[in-house]
Asker: 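One structure, pasted below without further comment.
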Amino acid sequence: MSMNRRAFALALVVSSGLLLAACGKKEESVSGRSVGPAGSQPVYVVGSDAAYAPFEYETDTRQVAGFDIDVMKAVADKAGISIRFINTPFEGIFNSLVQGDRDILISAITITDERRKQMDFSAPYFEASQLIAVPSGSKVSKFEDLKALKVGVQTATTGDEVVQKLMGKNNPSVKRFEGTPLALKELEAGGVDAVVADNGVVVNFVTNNPDARLRTVSDEAFPKEYYGIAVRKGDAELLDKINKGIDAIRSDGTYDAIYARYFGKKP
């Protein structure tokens with residue numbers, strides 16, 4: 001064998017060894033979750049739309065934070081699983097789970113029969129209902145009063161669904177936004193006459209933006225809703241861990257402390 005061929009063969013062996021070593025250390029992706037070297041614990045990828053304060057929002061350093069985030073961290077700690085959060089727009093959040101890009105979703109997601117067809121839900125961890133926001137001088141006193149008005153909603157939310165039932169799916173007076181805060185800002189600016197969204201988000205915005213001069217209107221026509229943590233259909237092992245984590249944070253007072261931190265009272 002000539003020197004050139006020997007040198008080439010040696011270089012090939014060395015480069016192959018380096019490649020194998022690198023592959024042994026590199027993280028892989030299995031069904032959305034990050035998996036490290038053999039034997040290491042998987043890191044479950046959690047999708048959350050950080051545009052729904054106080055449940056989830058982005059900090060100045062672009063970290064996802066909020067009530068749901070603190071709940072999920074506490075649940076994961078009790079369940080003994082590792083997680084990482086990825087800001088995921090709500091409009092596509094369910095597809096990200098179904099397609100395997102996310103393992104877990106927590107994003108003020110109301111448990112509904114329609115959504116159960118696509119994914120499995122944990123036990124409920126939060127009770128909510130829809131709430132109407134209007135300018136302080138508005139004459140709106142009930143949900144039916146919105147029929148002839150321009151109403152803002154966040155796309156694909158239960159607020160969007162209830163307004164569609166009232167006004168019609170293709171009614172041009174239903175204005176859809178990527179996030180509820182955007183819809184509420186449009187209400188403040190006069191672009192819509194009302195906004196329908198989950199009560200926690202509406203109350204948070206109205207309370208923290210007194211100059212917007214908005215008020216809230218409740219209606220008994222709105223049913224109670226329950227938020228759940230979603231996993232892929234059939235992922236019973238992960239769902240069981242999450243449910244045990246929820247039970248644990250409710251039992252030891254962790255959930256109550258997180259709730260009080262964001263809403264100023266016990267649930």
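What you are looking at is a predicted structure, and each value in this text was computed from that prediction instead of being measured. As a basis for the values below, the full set of heavy atoms in this structure was taken, side chains included, without hydrogen atoms, waters or symmetry mates.
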Asker: How many angstroms lie between CG in Leu214 and CG in Leu184, if you round to the nearest 0.5 Å?
Answerer: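 The CG atom of Leu184 is 7.0 Å from CG of Leu214, to the nearest 0.5 Å.
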Asker: Hey, are Asp252 and Lys78 close enough for a salt bridge, meaning a charged N less than 4.0 Å from a carboxylate O?
Answerer: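 Looking at Lys78 together with Asp252, the answer is yes, because their closest N to O distance falls below 4.0 Å.
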Asker: Using side-chain heavy atoms (C-beta onward) and a distance below 4.5 Å, is Val71 in contact with Ile249?
Answerer: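 Yes, their side chains come closer than 4.5 Å.
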Asker: What heavy-atom pair brings Phe143 and Leu166 nearest, and what distance separates the two atoms?
Answerer: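 Scanning both residues, the minimum pair turns out to be O-CD2, 3.5 Å.
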Asker: In this structure, which one of Ile104, Asp247, Ile242 forms a side chain to side chain contact (heavy atoms under 4.5 Å, CB included) with Val75?
Answerer: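 With Val75 as partner, side chain to side chain contact (heavy atoms under 4.5 Å, CB included) holds for just one option, Ile242.
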Asker: Just so I know, are the side chains of Ile83 and Val43 near enough to count as touching, which here means a heavy-atom distance under 4.5 Å?
Answerer: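 No - every pair of side-chain heavy atoms lies 4.5 Å or more apart.
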Asker: Could you note down all residue pairs passing side-chain hydrogen bond (donor to acceptor under 3.5 Å, both in side chains) where residues 63-74 supplies at least one of them, sequence neighbours left out?
Answerer: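 Sorted pair list: Asp68-Tyr125, Asp70-Arg261, Asp70-Tyr262.
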Asker: Do Tyr52 and Met72 sit in one hydrophobic cluster, given that two such residues count as connected whenever their side-chain heavy atoms are within less than 4.5 Å of each other, even indirectly?
Answerer: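 Same hydrophobic cluster.
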Asker: Under a single-linkage definition using a 4.5 Å side-chain heavy-atom cutoff for Ile, Leu, Val, Met, Phe, Trp and Tyr, are Val174 and Phe222 assigned to the same hydrophobic cluster?
Answerer: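 Linked within one cluster.
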Asker: Do any N or O atoms from the side chain of Ser138 and from the backbone of Ser136 form a donor-acceptor pair under 3.5 angstrom?
Answerer: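 No: the side chain of Ser138 does not pair with the backbone of Ser136.
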Asker: With a 4.5 Å limit on heavy-atom distance, are the side chains of Val46 and Ile106 in contact?
Answerer: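 Yes, side chains in contact.
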Asker: Apply side-chain contact (heavy atoms from CB on, under 4.5 Å) to the pair Val153 and Lys175, showing each step before the final yes or no.
Answerer: CA-CA 6 Å; Val153 297; Lys175 306 298 182 182; over 6 Å; no
Asker: Is it true that Ser141 and Asp145 share a donor-acceptor pair across their side chains at a distance under 3.5 Å?
Answerer: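 Asp145 vs Ser141: donor-acceptor pair found between side chains.
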Asker: Working note: Val203 + Leu131, criterion side-chain contact (heavy atoms from CB on, under 4.5 Å); need CA distance, chi angles, decisive distance, verdict.
Answerer: CA-CA 8 Å; Val203 169; Leu131 191 63; 3.7 Å; yes
Asker: Are Glu161 and Lys165 ion-paired here, with the side-chain N under 4.0 Å from a carboxylate O?
Answerer: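 No salt bridge links Glu161 with Lys165.
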Asker: Is there a donor-acceptor pair closer than 3.5 Å between any side-chain N or O of Asn209 and the backbone N or O of Phe205?
Answerer: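 Here the side-chain-to-backbone pair exists.
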Asker: Main chain of Ala221, side chain of Asp219: is a donor-acceptor contact present, judged purely on distance under 3.5 Å?
Answerer: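 Yes; judged by distance alone, with no hydrogens or angles, the pair exists.
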Asker: Please assess Arg115 against Thr158 for the test side-chain contact (heavy atoms from CB on, under 4.5 Å), listing each intermediate value before the final yes or no.
Answerer: CA-CA 11 Å; Arg115 289 171 179 172; Thr158 47; 4.2 Å; yes
Asker: Do Val98 and Phe121 share a hydrophobic cluster, counting only Ile, Leu, Val, Met, Phe, Trp and Tyr and linking them when any side-chain heavy atoms are less than 4.5 Å apart?
Answerer: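 Val98 and Phe121: separate clusters.
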Asker: Decide yes or no on side-chain hydrogen bond (donor to acceptor under 3.5 Å, both in side chains) for Thr180 and Gln154, but give the supporting numbers first.
Answerer: CA-CA 5 Å; Thr180 297; Gln154 180 174 341; 2.9 Å; yes
Asker: Distance-only, no hydrogens or angles: does the Ser122 side chain make a donor-acceptor pair with backbone N or O of Ile229 under 3.5 Å?
Answerer: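 Flag set: sc Ser122 to bb Ile229 pair under 3.5 Å.
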Asker: Salt bridge or not between Asp120 and Arg116? Use side-chain N to carboxylate O under 4.0 Å.
Answerer: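 No, no charged N to carboxylate O under 4.0 Å.
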Asker: Compare all side-chain heavy atoms of Ile69 with those of Phe85 and state whether any distance is below 4.5 angstrom.
Answerer: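 Sidechains of Phe85 and Ile69: in contact.
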Asker: Show the nearest heavy-atom pair for residues Val64 and Ala50, with the distance to one decimal.
Answerer: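 Looks like CG1-CB, 4.2 Å.
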Asker: If hydrophobic clusters are built by linking Ile, Leu, Val, Met, Phe, Trp and Tyr wherever their side-chain heavy atoms come under 4.5 Å apart, do Leu239 and Leu105 end up in the same one?
Answerer: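 No, separate clusters.
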Asker: Which heavy atom of Tyr57 sits nearest a heavy atom of Gly66, and at what distance?
Answerer: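 Closest approach of Tyr57 to Gly66: CE2-CA, 3.5 Å.
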Asker: Who pairs with Tyr255 by side chain to side chain donor-acceptor pair (under 3.5 Å), at least two apart in sequence or on another chain?
Answerer: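 Testing Tyr255 for side chain to side chain donor-acceptor pair (under 3.5 Å), a comparison that skips the adjacent residues, returns none.
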Asker: Starting at CG of Leu97, measure out to CG of Asp103 and round the result to the nearest 0.5 Å.
Answerer: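 The CG atom of Leu97 sits 8.0 Å away from the CG atom of Asp103.
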Asker: Of the non-hydrogen atoms in Pro124 and Ile111, which two are nearest, and what is the gap between them?
Answerer: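 Minimum heavy-atom separation between Pro124 and Ile111: CG-CD1, 4.1 Å.
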Asker: Go through the structure and list residues passing side chain to side chain donor-acceptor pair (under 3.5 Å) with Arg213, not counting sequence neighbours.
Answerer: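 Side chain to side chain donor-acceptor pair (under 3.5 Å) list for Arg213, sorted by chain: empty.
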Asker: Can you tell me how far CG of Asp198 sits from OG1 of Thr110, rounded to the nearest 0.5 angstrom?
Answerer: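 Rounded to the nearest 0.5 Å, the OG1-CG separation comes out at 5.0 Å.
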Asker: Within the 3.5 Å criterion, strictly below it, is a donor on Asn204 or Asn208 matched to an acceptor on the partner's side chain?
Answerer: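 Short answer, yes.
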Asker: Identify, with sequence neighbours excluded, every residue that meets side chain to side chain donor-acceptor pair (under 3.5 Å) alongside Lys147.
Answerer: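 Lys147: no side chain to side chain donor-acceptor pair (under 3.5 Å) contacts found.
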Asker: Can you check whether Arg215 reaches Val206 side chain to side chain, under 4.5 Å on heavy atoms?
Answerer: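 No. Closest side-chain heavy atoms not under 4.5 Å.
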Asker: Is there a side-chain contact between Met119 and Val231 in this structure, where contact means two heavy atoms from C-beta onward sitting under 4.5 Å apart?
Answerer: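 They are not in contact (no side-chain heavy atoms under 4.5 Å apart), so the answer is no.
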Asker: If you round to the nearest 0.5 Å, how far is CG of Asn95 from OG1 of Thr88?
Answerer: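 Here the rounded value is 11.5 Å.
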Asker: Is it the case that over 12 heavy atoms from other parts of the model lie below 6.0 angstrom from the CD atom of Glu178?
Answerer: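 No - once you tally the heavy atoms of other residues, nucleotides and ligands closer than 6.0 Å, there are 12 at most.
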Asker: For Ser107, enumerate each residue passing the side chain to side chain contact (heavy atoms under 4.5 Å, CB included) test, keeping only those at least two apart in sequence or located in another chain.
Answerer: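 So Ser107 forms a side chain to side chain contact (heavy atoms under 4.5 Å, CB included) with Ser48, Asp49, Glu56, Phe90, Ile93, Ile109.
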Asker: So, do Phe126 and Tyr226 have ring centers that fall under 6.0 Å from each other?
Answerer: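 No.
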Asker: Are Gln130 and Asn199 close enough that a side-chain donor and a side-chain acceptor fall under 3.5 Å?
Answerer: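 No, because no side-chain N or O of Gln130 sits under 3.5 Å from a partner of the opposite role on Asn199.
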Asker: Determine whether the side chains of Thr61 and Thr59 contain a donor N or O and an acceptor N or O closer than 3.5 Å.
Answerer: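 Indeed, the side chains of Thr61 and Thr59 share at least one donor-acceptor pair under 3.5 Å.
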Asker: Do Thr155 and Glu91 have a side chain donor and acceptor closer than 3.5 Å?
Answerer: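 Looking only at side-chain atoms, Glu91 and Thr155 do not form any donor-acceptor pair under 3.5 Å.
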Asker: Taking all non-hydrogen atoms of both residues into account, name the closest pair between Met167 and Ser173 and its distance.
Answerer: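 The answer is CE-CB, 3.8 Å.
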Asker: Can you confirm whether Leu238 sits close enough to Ile81 that some side-chain heavy atom of one is under 4.5 Å from a side-chain heavy atom of the other?
Answerer: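 Answer yes - side chains close enough.
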Asker: With a 4.5 Å cut-off on side-chain heavy-atom distances among I, L, V, M, F, W and Y, is there a chain of contacts connecting Val195 to Phe55?
Answerer: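 Different clusters.
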Asker: Side chains of Val196 and Leu146: does their closest heavy-atom pair fall under 4.5 Å?
Answerer: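 In short, these two side chains touch, coming nearer than 4.5 Å.
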Asker: Kindly compute the distance separating CD (Glu225) from OG (Ser129), expressed to the nearest 0.5 Å.
Answerer: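 Answer for the CD-OG pair, Glu225 versus Ser129, is 7.0 Å.
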Asker: Could you walk me through whether Tyr44 and Lys241 pass side-chain contact (heavy atoms from CB on, under 4.5 Å), step by step?
Answerer: CA-CA 12 Å; Tyr44 295 94; Lys241 290 178 180 179; 4.3 Å; yes
Asker: Does the Asn243 side chain pair with the main chain of Ala123, one donor and one acceptor, at a distance under 3.5 Å?
Answerer: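 Yes: the side chain of Asn243 pairs with the backbone of Ala123.
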Asker: Among pairs that include at least one residue of residues 184-195, which meet side-chain hydrogen bond (donor to acceptor under 3.5 Å, both in side chains), considering only residues two or more places apart or in two chains?
Answerer: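 Applying side-chain hydrogen bond (donor to acceptor under 3.5 Å, both in side chains) to every pair that reaches into residues 184-195, excluding sequence neighbours, yields nothing.
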Asker: What are the two closest heavy atoms between Ala194 and Ile132, and how far apart are they?
Answerer: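 So the minimum-distance heavy-atom pair works out to CB-CG2, 4.2 Å.
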Asker: How many angstroms lie between atom OG1 of Thr112 and atom NZ of Lys117, to the nearest 0.5 angstrom?
Answerer: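 Thr112 OG1 to Lys117 NZ: 9.0 Å, rounded to 0.5 Å.
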